[in-house]
Every structure is written in structure tokens, then in C-alpha cells.
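One structure is given here, and the rest of the page talks about it.
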Amino acid sequence: VVSWTALMTGYAEYGPVEKALECFHQMEQRSVSPNAITFACLLKACGSIGDLKKGQEIHAYIVNEQYENDTVVGNSLVGLYAKCGSLTEAREIFEELTVQDVVSWTALIAGYAEYGCGQEALKTLDNMQSENISPDAVLYACSVKTCSIEGATDRGLLVHVEIASEGFERDMTINNTLIGMYAKFNMLTEAEDMFNMLPERNVVSWTALIAGYSEHGHGKLVLSCFEQMQIEGIFPN
RNA sequence: CAAUGUCACUGAA
């Protein structure tokens with residue numbers, strides 16, 4: 001089962017994702033029993049391609065095999081429904097989790113943010129804080145994105161301060177998300193400052209800034225930034 | 001020995 005799951009993990013991560021689901025059927029044929037880790041991997045695969053139907057099939061299988069109370073499997077179920085936009089279902093699963101950890105909260109919040117329920121996402125963030133869950137880097141990235149989507153400028157700035165004070169200033173994903181947030185707010189000077197202070201820049205960092213210029217009509221800056229990116233050895237995708 | 005939640009872009013009536 002470890003070999004099969006390792007293979008499926010690779011397919012779920014790098015594609016073709018459908019192959020991960022094929023592996024599952026082959027396992028069944030060869031009478032290899034999946035475990036919690038296998039199910040987590042399968043649910044991730046379904047979520048990443050938005051295949052709700054397959055996800056529900058696997059959910060039913062999980063219930064049959066009595067794996068639904070596993071923490072990681074439970075979080076994966078929340079993630080599946082959140083990624084597929086079935087937010088009511090995601091919330092129901094979340095409420096029934098025996099342990100709600102930072103991963104469970106993040107999965108739910110990211111789902112709300114992604115599917116246009118920014119207010120609900122912010123409210124859920126508040127609820128999480130009152131439960132004394134410690135935020136981590138992934139949660140911070142989601143918080144920033146939520147503020148960005150909601151246009152919650154004041155709150156976004158507060159989150160930024162908190163990120164700095166908690167020592168996450170070198171996290172590339174968080175930093176890229178912050179650039180995107182300032183760009184969305186049309187606070188392009190702040191976006192540039194963020195960008196210039198980065199210890200490392202990847203193609204996402206550059207694109208976040210370029211997209212900000214583009215969105216607010218600074219065509220000349222788009223082009224010069226694009227040029228500079230290539231001078232610095234980053235290739236566009 | 002395998003595992004769950006996050007980053008940019010993807011046009012218009």
C-alpha cells in the first residue's frame with residue numbers, strides 16, 4: 001500500500017491526475033487495501049481537478065471503510081468540498097470533525113474566499129482566532145488572499161503587520177500574496193516596496209507586480225518590468 | 001518507506 005500511495009501522490013502532484021484514480025482501481029483489483037494516507041491522496045486528486053462526483057464516490061468508500069474519523073482524512077474531505085465549491089457540505093464536514101486544527105480551518109476559509117464568500121471567510125477567520133488556533137504560514141497566506149479578494153484594506157495591513165511580527169517575513173508564498181494584495185488595492189508603491197525587499201523573487205513575484213501594473217493601466221511599467229525580469233534571468237511562463 | 005489546508009496570469013457584448 002505504501003508503494004501504491006507513493007505513486008498516486010506523484011500523479012496527484014504532477015499529473016496526469018486521472019492516473020492517481022486509476023491506481024486506486026488497480027489496487028482494488030489486486031486486493032490491496034487503501035489506508036488513511038491513500039484516501040487523503042485520492043481526495044486531493046479529485047479536488048485538484050474539481051471532480052466532485054469521483055470525490056463523493058471515494059467519500060462513500062471512506063465511510064464504508066470507517067476512515068472518516070481520521071484527522072487527515074477529515075481535513076481532506078473538507079478540502080475536497082471546498083475546492084469543488086460545495087461550501088455547505090465543506091462546512092458540515094468541518095463541524096463534525098473530532099479535531100479542528102489549523103489545516104481544517106484553512107481549508108474551509110480558502111474555500112469561502114475562492115468562491116466569492118469573502119465575508120464568510122473573514123468571519124471564519126475571526127472564529128478561528130477565538131478558538132485560540134495558532135496561525136501558520138499557509139493560514140497567513142490565505143488570510144492575505146481573503147483580504148485581497150474582499151478589498152479589506154485595513155484588515156490586510158493588520159495581517160501584514162502580524163506576519164512580520166510572527167517572523168514569516170521570508171516566506172515566498174506569503175510575500176507573493178502580499179504583493180498581489182497591494183496591487184489589487186492599487187497601492188502600487190507598497191507593492192513595489194514589498195517586491196524590492198524580497199530576499200528571493202520567482203516568476204510569481206514578478207507576475208504579481210506586472211499584473212498589478214496591468215490592471216491599473218500602467219502599460220509602460222508592465223513592459224519595463226517584464227524586460228527587467230528577463231534581464232534578471234527569470235523566464236516567463 | 002507514502003499523507004491533508006496556501007501564491008501570479010487565463011479578454012469583451
Side-chain angles (χ1 to χ4, degrees), chain A residues 1-13 20 23-24 27 32-48 55 58-59 62 67-83 90 93-94 97 99-114 121 124-125 128 133-149 159 163 168 171-184 191 194-195 198 200-215 222 225-226 229 234 236-237:
Chain A
V1 60
V2 174
S3 326
W4 281 106
T5 307
L7 183 61
M8 289 177 14
T9 300
Y11 284 131
E13 190 79 32
C23 283
F24 177 51
M27 282 179 73
V32 179
S33 304
N35 62 19
I37 300 180
T38 317
F39 288 128
C41 179
L42 283 165
L43 293 171
K44 179 186 184 142
C46 294
S48 74
I58 290 164
H59 186 174
I62 286 168
Y67 273 101
E68 54 177 338
N69 289 321
D70 182 276
T71 303
V72 171
V73 171
N75 285 344
S76 301
L77 284 167
V78 176
L80 167 77
Y81 289 109
K83 267 220 163 56
I93 306 257
F94 173 87
L97 292 178
V99 178
Q100 294 167 342
D101 62 15
V102 67
V103 174
S104 334
W105 287 94
T106 307
L108 188 61
I109 291 165
Y112 283 135
E114 181 71 32
T124 307
L125 257 173
M128 194 198 87
I133 307 284
S134 307
D136 66 3
V138 177
L139 189 275
Y140 278 127
C142 288
S143 306
V144 172
K145 188 171 187 184
T146 301
C147 294
S148 168
I149 287 171
V159 174
I163 286 168
F168 288 98
D171 186 288
M172 169 104 78
T173 298
I174 292 178
N175 286 329
N176 289 343
T177 312
L178 281 167
I179 294 171
M181 180 186 81
Y182 286 121
K184 270 271 182 325
M194 270 306 299
F195 181 86
L198 291 191
E200 304 283 347
R201 302 179 188 109
N202 62 13
V203 68
V204 176
S205 326
W206 285 94
T207 308
L209 189 59
I210 289 172
Y213 289 142
S214 174
E215 187 172 350
V222 168
C225 193
F226 177 60
M229 174 178 102
I234 305 289
N237 63 13

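Every chain is numbered from 1, with letters handed out A, B, ... down the list of sequences. We use all heavy atoms of the structure for the numbers below, so side chains are in, but hydrogens, waters and symmetry mates are not.
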What integer distance in Å separates [X]:[atom1] from [N]:[atom2]?
X	N	atom1	atom2	value
I234(A)	C9(B)	CD1	P	18 Å
I62(A)	U4(B)	CD1	P	14 Å
L77(A)	A3(B)	CG	C1'	13 Å

TODO: Go through residues 32-40 of chain A and report each residue with a non-hydrogen atom lying under 4.0 Å from RNA chain B, sorted by number.
DONE: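 Within this stretch, N35(A), I37(A), A40(A) sit under 4.0 Å of the strand.
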Task: For K83(A), all residues meeting salt bridge (Lys or Arg N to Asp or Glu O under 4.0 Å), sequence neighbours excluded - done: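 Checked K83(A) against salt bridge (Lys or Arg N to Asp or Glu O under 4.0 Å); zero matches.
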- [ ] Go through the structure and list residues passing salt bridge (Lys or Arg N to Asp or Glu O under 4.0 Å) with E68(A), not counting sequence neighbours.
- [x]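 Result, salt bridge (Lys or Arg N to Asp or Glu O under 4.0 Å) vs E68(A): none returned.
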Task: side-chain hydrogen bond (donor to acceptor under 3.5 Å, both in side chains) partners of T38(A), counting only residues at least two apart - done: T5(A), N35(A)
Polar pairs (N or O, both sides) under 3.5 Å between protein and nucleotides 5-8 of chain B?
from	atom 1	to	atom 2	distance (Å)
G5(B)	OP2	K44(A)	NZ	3.4
G5(B)	O2'	T106(A)	O	3.2
G5(B)	O2'	A107(A)	N	2.8
G5(B)	N1	D136(A)	OD2	2.9
G5(B)	N2	T106(A)	OG1	3.1
G5(B)	N2	D136(A)	OD1	2.8
G5(B)	N2	D136(A)	OD2	3.0
U6(B)	OP1	K83(A)	NZ	3.2
U6(B)	OP2	K83(A)	NZ	2.5
C7(B)	OP1	K145(A)	NZ	3.3
C7(B)	O2	N176(A)	ND2	2.8
A8(B)	O2'	T207(A)	O	3.1
A8(B)	O2'	A208(A)	N	3.3
A8(B)	N1	N237(A)	ND2	3.1
A8(B)	N3	T207(A)	OG1	3.4

Task: Aromatic centroids of W4(A) and F24(A) separated by under 6.0 Å - done: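 No; W4(A) has its ring centre 6.0 Å or more from that of F24(A).
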Open item on the list: Show every salt bridge (Lys or Arg N to Asp or Glu O under 4.0 Å) that has at least one partner inside residues 101-114 of chain A, sequence neighbours left out.
Closed with: E114(A)-K145(A)
Task: Closest non-hydrogen atom pair, L43(A) against S76(A) - done: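 The pair with the smallest heavy-atom distance is CD1-CB, 3.6 Å.
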Task: Shortest non-hydrogen contact between S104(A) and N75(A), atoms and distance - done: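 Of all heavy-atom pairs spanning S104(A) and N75(A), the closest is OG-OD1, 2.6 Å.
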Open item on the list: Please tell me whether S205(A) and N202(A) have a donor and an acceptor in their side chains that are separated by less than 3.5 angstrom.
Closed with: yes
